[in-house]
Each structure stands twice: as C-alpha cells, then as structure tokens.
Novice: 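Sharing a structure here in structure tokens format.
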Amino acid sequence: MISVTEAISYEFATGPDLYALCQQAANTRYQAWGNAISYSKKVFIPLTNMCRDTCGYCTFVQSPDSIHANYMTPEQVLKTAQEGAALDCKEALFSLGERPELRYQQARDKLAELGYDNTLDYLHDQCANVLDNTSLLPHVNAGALTYAELKRLKPVAASMGMMLENVTTELLKQGQAHYACPDKTPKRRLNTLEYAGRLDIAFTTGILIGIGESWEDRVRSLVAIRDRHLTYGHIQEVIIQNFRAKPGTQMAGCQEPDLDDMKRTIAVARLILPSEISLQAPPNLEEEYGSYLHAGINDWGGISPLTKDFINPERAWPQISSVAKACEGLGYSLHERLTIYPRYQQAQGKYLTENLIQRVASISASYSSSAHSLCATGGLVA
C-alpha cells in the first residue's frame, strides 16, 4: 500500500507516467485476483425515488410534487424480483432516497397508505418479501444509517453499501454538490462505515469523482476507507465512479472526468487499498470501459439484464455478453459472483445471519458446476 504523499504525487501523471502507474496497479491486482474479472447479475429495485437530500448532480430523486414521485408497492417489488429471478439474477439491489418522510408530508402520506411511518421499516419488510418469495439475495443501499438501523437490516440483507463519495466538507458549502444535504456530511458517512464494521456487515463503498473535490480529497477519502477496513476487515469492495453531467441539474454544465482521470484514480485506489478489497468501476458510464482493466479493477459491479440503471438512466448497461467479449479480447475472463464475496461467505456466523447462511451456500453451490468459481481470496479455482 502506498503512502498518502506518494498517492498525491500522481495527481498530474500522464503519458508514460500514467502508463507506468497503471501497470503497477494492474500487477498488484493480478497478484491478488489473477486475470479474473467478476460481476453480479442483479435486478434494480428503486424502492422510493423521494429523498430529503438535494444533491447537485442527481436525477434519480423526484420532487414529492412530481407525478413520478413514488414508493414501490410490495406487489411491484415482488414482480420485479421474480422477473429478475426468471432471468437468473442472484442479487436484488435495493436503492432508495434517504429519509424523505423527515422532510415531506407527501412521503409520510404515501408511507401511511402502505401501513408504515418510516422508510427503513418498509425497506426491511420488502427485503424480507424478496427473501421469502424468491431466490434472490438483497443488497441494501440505503445511504447513511445508524448502528441500530444497520443491525435491524442485517438479517434481511446478504450485503449492504453506501458511497462515501468524499470526506471533504467543502462540498457542503452553498453552491457545491452537497449543499443542504444532511445525509452527505462526511461524519455521517464515515460513522456508517464504522458501524457496519462493528456489526460485521460485508460492505460496499466508494468515491464519486468530479463533483468539486480536489485530488488530495480523493486520496484522503480512499485512505479513510482503508483505515476503517484495516480496523474491521469488512469492506469487500470499493467503487470508483465518474460524475456524469445531467440536463436539468445544478451541475449540468460542469466538466466530467475524462478517461485519463478515471484511470489515474483507479490505479491510485488499487495501490492505496489492501489487495483483498475488490475494486470496481461501472461499465455503463464510459464507452471505453475496457481501459479500466489495465488500470487495476477486478470487478464491474452489478449488471442487470432486466432493469435500467435508475441512478444513471441515460446510460444503458452493456450486454453481459459484450462485457465478456471485451474482457476476453484484453486477456481477461469474466465470471459471475454473488453480492457477498466468497471470503465473507466462508466466515459463517460472522457476516451472514443464520437465516442467510443456507441461502447463500445453496446459491454458491450452483457455481460448482461451472468451469470456475470464485475462491475465498478473490482469485479463481478450477
């Protein structure tokens, strides 16, 4: 793992220097993960698109006054999950706005119609709905949560996640990406990572680049993730996600990170983070996503054959077959994984509650008939 000083020194790496940096990261990735690149076959369940935060880059969130603002009903949740299961998806990704009922009467009214007074209780029961009635494993991405909330959700989620995004408080200032967003304070996000570690929850986090942060801010955000993993060992994967400007948002006219910026950030992340942490970047946010492989990623995250990326709806998922061909053309092989990585599956009774252990083991066993399966260290075994 490289030092903060060394990581900061790569801010302007380009040309041969960037190539050498990416080579170093790719070699580090190879030592831990080989040439295997993984992904999770998922269905996206956007439980509610209302949120009390108003991030400057977001189009997922709808105003409560909009005709598109909604909570999915239990029937809609189950229908989507069952359609995903029919397409051999393994993961049900629950994504939702944060605590809209604390800000909007309309959200409280919609929850009341469903028989609830808060979003997280409803989320818990819809995860249970999917567990009870399908073969899918819920992955919960509900934003910043308290210790008690994470503990309540753990029995109905095989894994959980929350993007740290960035640790700088500069983004909270007026005119910046996270102004007036109470759930985007670094303290709340870092506390969530800390609580998840104390509760032994297999966790996904990451940084969003290009939203007004400095290069040093990125480095320090990655180090903050690393430090919490070194304490608890619970960060199974880290996402490097590039900001995409969207019409109608506060940041519609802002410059997006270019490909070199993404490669530079991915490579430095690979060298900062412990090698057992999986590193991913979304393939639908960059046409030349194959370039990420040479910068050190080993995972594409969730890819859905059914539902769109509701966070970036203008960016369609590439076909899984296309991703496989891209990997093979560059000397890598694509392999499916579960939402909880093997090394966390095998720590039975720690990261999975009793009701999930058998479910995960049963699904994992189905991989044994394949040519390869992911092993506990992240590599492949025949």
Novice: One thing to verify: whether Glu98 and Arg52 come together as a salt bridge, which I'm taking to mean a side-chain N less than 4.0 angstrom from a carboxylate O.
Specialist: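 Judged by the 4.0 Å cut-off on N to carboxylate O distance, Arg52 and Glu98 do not form a salt bridge.
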Novice: For Leu190 and Ala224, work out which heavy atoms get closest and say how close.
Specialist: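 Minimum heavy-atom contact is CD2-CB, 4.0 Å.
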Novice: Would you please test Ser291 and Lys263 for side chain to side chain contact (heavy atoms under 4.5 Å, CB included) and show each step?
Specialist: CA-CA 8 Å; Ser291 299; Lys263 289 162 59 178; 4.2 Å; yes
Novice: Can you give me the closest heavy-atom contact between Leu120 and Ala142, atom names plus distance?
Specialist: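 In this case the closest contact between Leu120 and Ala142 is CD2-CB, 4.2 Å.
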Novice: Salt-bridged, Lys90 to Asp88, with N to O below 4.0 Å?
Specialist: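 Result for this pair is yes, salt bridge flagged.
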Novice: Are the side chain of Gln62 and the backbone of Asn49 linked by a donor-acceptor contact shorter than 3.5 Å?
Specialist: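 Answer holds: no.
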Novice: Without hydrogens or angle criteria, can the side chains of Gln31 and Asn27 be said to hold a donor-acceptor pair below 3.5 Å?
Specialist: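 No, no side-chain donor-acceptor pair sits under 3.5 Å.
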Novice: For Gln76, is the CD atom crowded, meaning more than 12 foreign heavy atoms sit under 6.0 Å from it?
Specialist: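 Atom CD in Gln76 is crowded, with more than 12 foreign heavy atoms closer than 6.0 Å.
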Novice: Report yes or no: does Thr80 contribute a side-chain atom to a donor-acceptor pair with the main-chain N or O of Ile45 at less than 3.5 Å?
Specialist: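 Not a single qualifying donor-acceptor pair exists.
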Novice: Look at the side chain of Glu194 and the backbone N and O of Thr192, then say whether any donor-acceptor pair between them is shorter than 3.5 Å.
Specialist: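 Judged by distance alone, no pair lies under 3.5 Å.
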Novice: Between Glu6 and Ser3, is a side chain to side chain contact (heavy atoms under 4.5 Å, CB included) present by the stated rule, with each step listed?
Specialist: CA-CA 5 Å; Glu6 183 178 356; Ser3 68; 3.5 Å; yes
Novice: To the nearest 0.5 Å, how far apart are CZ in Phe203 and OH in Tyr344?
Specialist: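 Interatomic distance, Phe203 CZ to Tyr344 OH, rounded to 0.5 Å: 12.0 Å.
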Novice: Tell me whether the count of non-hydrogen atoms from other residues, nucleotides or ligands lying under 6.0 Å of OH in Tyr147 goes above 12.
Specialist: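 Yes - once you tally the heavy atoms of other residues, nucleotides and ligands closer than 6.0 Å, there are more than 12.
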Novice: Output, in order, the C-alpha distance, side-chain angles, deciding distance and verdict of side chain to side chain contact (heavy atoms under 4.5 Å, CB included) for Thr146 and Asn191.
Specialist: CA-CA 8 Å; Thr146 67; Asn191 281 348; over 6 Å; no
Novice: I'd like to know if the side chain of Arg189 reaches the main chain of Met163, judged simply by a donor and an acceptor atom lying under 3.5 Å from each other, with no hydrogens or angles considered.
Specialist: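 It does hold such a pair.
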Novice: Quick check: is Tyr10 connected to Ile207 through a chain of hydrophobic side chains (ILVMFWY, heavy atoms under 4.5 Å apart)?
Specialist: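 Linked within one cluster.
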Novice: Using a 3.5 Å distance criterion without hydrogens, assess whether the side chain of Gln319 forms a donor-acceptor pair with backbone atoms of Ser321.
Specialist: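 Pair absent, no side-chain N/O of Gln319 close to backbone of Ser321.
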Novice: Can you hop from Leu87 to Ile363 via hydrophobic side chains spaced under 4.5 Å?
Specialist: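 In one cluster: yes.
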Novice: Test side chain to side chain contact (heavy atoms under 4.5 Å, CB included) on Asp117 and Glu101 and set out the steps.
Specialist: CA-CA 8 Å; Asp117 60 15; Glu101 70 276 13; over 6 Å; no
Novice: Ignoring hydrogens and angles, state whether a donor on the side chain of Thr119 or Tyr71 is under 3.5 Å from an acceptor on the partner side chain.
Specialist: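 Result is yes, a qualifying pair exists.
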Novice: Looking at Glu256 and Arg244, is there a salt bridge between them, counting it only when a charged N and a carboxylate O are closer than 4.0 Å?
Specialist: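 Answer for the salt bridge query: yes.
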Novice: For a quick test of reading the model, state the closest non-hydrogen atom pair linking Pro46 to Phe60 and the distance between them.
Specialist: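 Shortest heavy-atom separation between Pro46 and Phe60 comes out as CB-CE1, 3.8 Å.
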Novice: In sequence, state the C-alpha distance, the side-chain angles, and the governing distance for Thr168 and Asn166, and then conclude on side-chain hydrogen bond (donor to acceptor under 3.5 Å, both in side chains).
Specialist: CA-CA 6 Å; Thr168 179; Asn166 207 277; 5.0 Å; no
Novice: Does the distance from a Lys or Arg side-chain N to an Asp or Glu carboxylate O, for Arg99 and Asp53, drop under 4.0 Å?
Specialist: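 Result for this pair is no, no salt bridge flagged.
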Novice: Looking at Leu271, is its backbone amide N or carbonyl O close enough to the side chain of Thr28 to form a donor-acceptor pair, meaning the two atoms are under 3.5 Å apart?
Specialist: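 Flag not set: sc Thr28 to bb Leu271 has no pair under 3.5 Å.
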Novice: Which value, rounded to the nearest 0.5 Å, describes the distance between Asp260 atom CG and Thr14 atom OG1?
Specialist: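 The CG atom of Asp260 sits 5.0 Å away from the OG1 atom of Thr14.
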Novice: Would you please say whether a donor-acceptor pair under 3.5 Å links the side chains of Gln23 and His294?
Specialist: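 No pair is found: no donor N or O on one side chain lies under 3.5 Å from an acceptor on the other.
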Novice: Charged N to carboxylate O under 4.0 angstrom, Glu170 versus Lys173?
Specialist: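 Looking at Glu170 and Lys173, the cut-off is met.
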Novice: Please find the pair of heavy atoms, one from Ile272 and one from Ala7, that lie closest to each other, and give the distance.
Specialist: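 In this case the closest contact between Ile272 and Ala7 is CD1-CB, 3.8 Å.
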Novice: Without swapping roles, check the side chain of Asp217 against the backbone of Val167 for a donor-acceptor pair under 3.5 Å.
Specialist: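 Between the backbone of Val167 and the side chain of Asp217 there is no qualifying donor-acceptor contact (under 3.5 Å).
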Novice: How many angstroms lie between CG in Asp121 and OH in Tyr116, if you round to the nearest 0.5 Å?
Specialist: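 If we round to the nearest 0.5 Å, Asp121:CG and Tyr116:OH are 7.5 Å apart.
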Novice: Distance-only, no hydrogens or angles: does the Thr231 side chain make a donor-acceptor pair with backbone N or O of Asp227 under 3.5 Å?
Specialist: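 Between the backbone of Asp227 and the side chain of Thr231 there is a qualifying donor-acceptor contact (under 3.5 Å).
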Novice: Say whether Ile357 and Leu153 are linked into one hydrophobic cluster, either directly or through other cluster members, by side-chain heavy-atom distances under 4.5 angstrom.
Specialist: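 Hydrophobic grouping puts Ile357 with Leu153.
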Novice: State plainly whether the residues Arg218 and Glu213 are in salt-bridge range, i.e. N to O under 4.0 Å.
Specialist: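 A salt bridge is present here (some side-chain N lies under 4.0 Å from a carboxylate O).
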Novice: Could you tell me if Gln106 and Asp65 have a donor-acceptor pair between their side chains, going purely by distance under 3.5 Å?
Specialist: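 On atom types as modelled, these side chains qualify, holding a pair under 3.5 Å.
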Novice: Show, in sequence, the C-alpha distance, side-chain angles and deciding distance for Ser278 and Tyr341, and conclude whether the side-chain hydrogen bond (donor to acceptor under 3.5 Å, both in side chains) test is met.
Specialist: CA-CA 9 Å; Ser278 178; Tyr341 280 71; 2.8 Å; yes
Novice: Kindly give the heavy-atom pair with the smallest separation between Lys184 and Cys55, and that separation in Å.
Specialist: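 Minimum heavy-atom separation between Lys184 and Cys55: NZ-SG, 3.1 Å.
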Novice: Between Glu75 and Lys79 (salt bridge meaning N to carboxylate O under 4.0 Å), is one present in this structure?
Specialist: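 Between Lys79 and Glu75 there is no salt bridge, as every charged N stays at least 4.0 Å from the carboxylate O atoms.
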Novice: Do Asn129 and Asn133 meet the criterion of a side-chain donor-acceptor pair at a distance under 3.5 Å?
Specialist: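 Present: a donor and an acceptor within the cut-off.
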Novice: So, Arg337 and Glu237, do they make that salt bridge, N to O below 4.0 Å?
Specialist: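 Counted as a salt bridge, because a side-chain N and a carboxylate O are separated by less than 4.0 Å.
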Novice: What are the two closest heavy atoms between Ala69 and Ser63, and how far apart are they?
Specialist: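 Reported closest heavy-atom pair: CB-O, 3.3 Å.
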Novice: Over 60° means perpendicular and under 30° means parallel, so tell me whether Phe243 and Tyr57 are parallel, tilted or perpendicular.
Specialist: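 Plane angle over 60°, so perpendicular.
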Novice: Output, in order, the C-alpha distance, side-chain angles, deciding distance and verdict of side-chain hydrogen bond (donor to acceptor under 3.5 Å, both in side chains) for Thr339 and Ser40.
Specialist: CA-CA 6 Å; Thr339 184; Ser40 175; 5.3 Å; no
Novice: Hey, quick one: are Leu259 and Trp215 part of the same hydrophobic cluster, counting side-chain heavy atoms closer than 4.5 Å, chains of contacts allowed?
Specialist: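 Yes, it is one cluster - the side chains of Leu259 and Trp215 are joined through contacts under 4.5 Å.
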Novice: Quick test of your reading of the model: are Asp261 and Arg264 salt-bridged, counting only N-O distances below 4.0 Å?
Specialist: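 Salt bridge: yes.
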Novice: When rounded to the nearest 0.5 angstrom, what is the spacing between CG in Leu21 and CD1 in Ile2?
Specialist: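 Output value for this atom pair is 7.5 Å.
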Novice: If you count every heavy atom of other residues, nucleotides or ligands that lies below 6.0 Å from Gln255 atom CD, does the total exceed 12?
Specialist: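 Check fails, neighbour count at 12 or below.
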Novice: Once you round to the nearest 0.5 Å, how far does CD of Gln250 lie from CD of Gln176?
Specialist: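 Nearest 0.5 Å value for the CD-CD distance: 8.0 Å.
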Novice: Other residues, nucleotides and ligands only: do more than 12 of their heavy atoms fall within 6.0 Å of NZ on Lys151?
Specialist: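 No, NZ of Lys151 has 12 or fewer neighbouring heavy atoms, counting only those of other groups under 6.0 Å.
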Novice: Assess the residue pair Gln345 and Ser364 against the criterion (side-chain hydrogen bond (donor to acceptor under 3.5 Å, both in side chains)); give the C-alpha distance rounded to whole Å, side-chain angles, the decisive distance to 0.1 Å, and a yes or no.
Specialist: CA-CA 9 Å; Gln345 296 173 31; Ser364 296; 2.7 Å; yes
Novice: Return yes if a side-chain donor-acceptor contact under 3.5 Å exists between Ser159 and His139, otherwise no.
Specialist: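 Side chains of Ser159 and His139: pair found under 3.5 Å.
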Novice: What distance do Tyr351 atom OH and Gln346 atom CD have between them, rounded to the nearest 0.5 Å?
Specialist: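 Output value for this atom pair is 12.5 Å.
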Novice: Same cluster or not: are Ile239 and Leu93 linked, directly or through other Ile, Leu, Val, Met, Phe, Trp or Tyr residues, by side-chain heavy atoms under 4.5 angstrom apart?
Specialist: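 Not linked; separate clusters.
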Novice: Looking at Asn298, is its backbone amide N or carbonyl O close enough to the side chain of Arg29 to form a donor-acceptor pair, meaning the two atoms are under 3.5 Å apart?
Specialist: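 Flag not set: sc Arg29 to bb Asn298 has no pair under 3.5 Å.
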Novice: With no hydrogens and no angle check, is any side-chain donor or acceptor of Thr205 less than 3.5 Å from a backbone partner on Leu164?
Specialist: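 Between the backbone of Leu164 and the side chain of Thr205 there is a qualifying donor-acceptor contact (under 3.5 Å).
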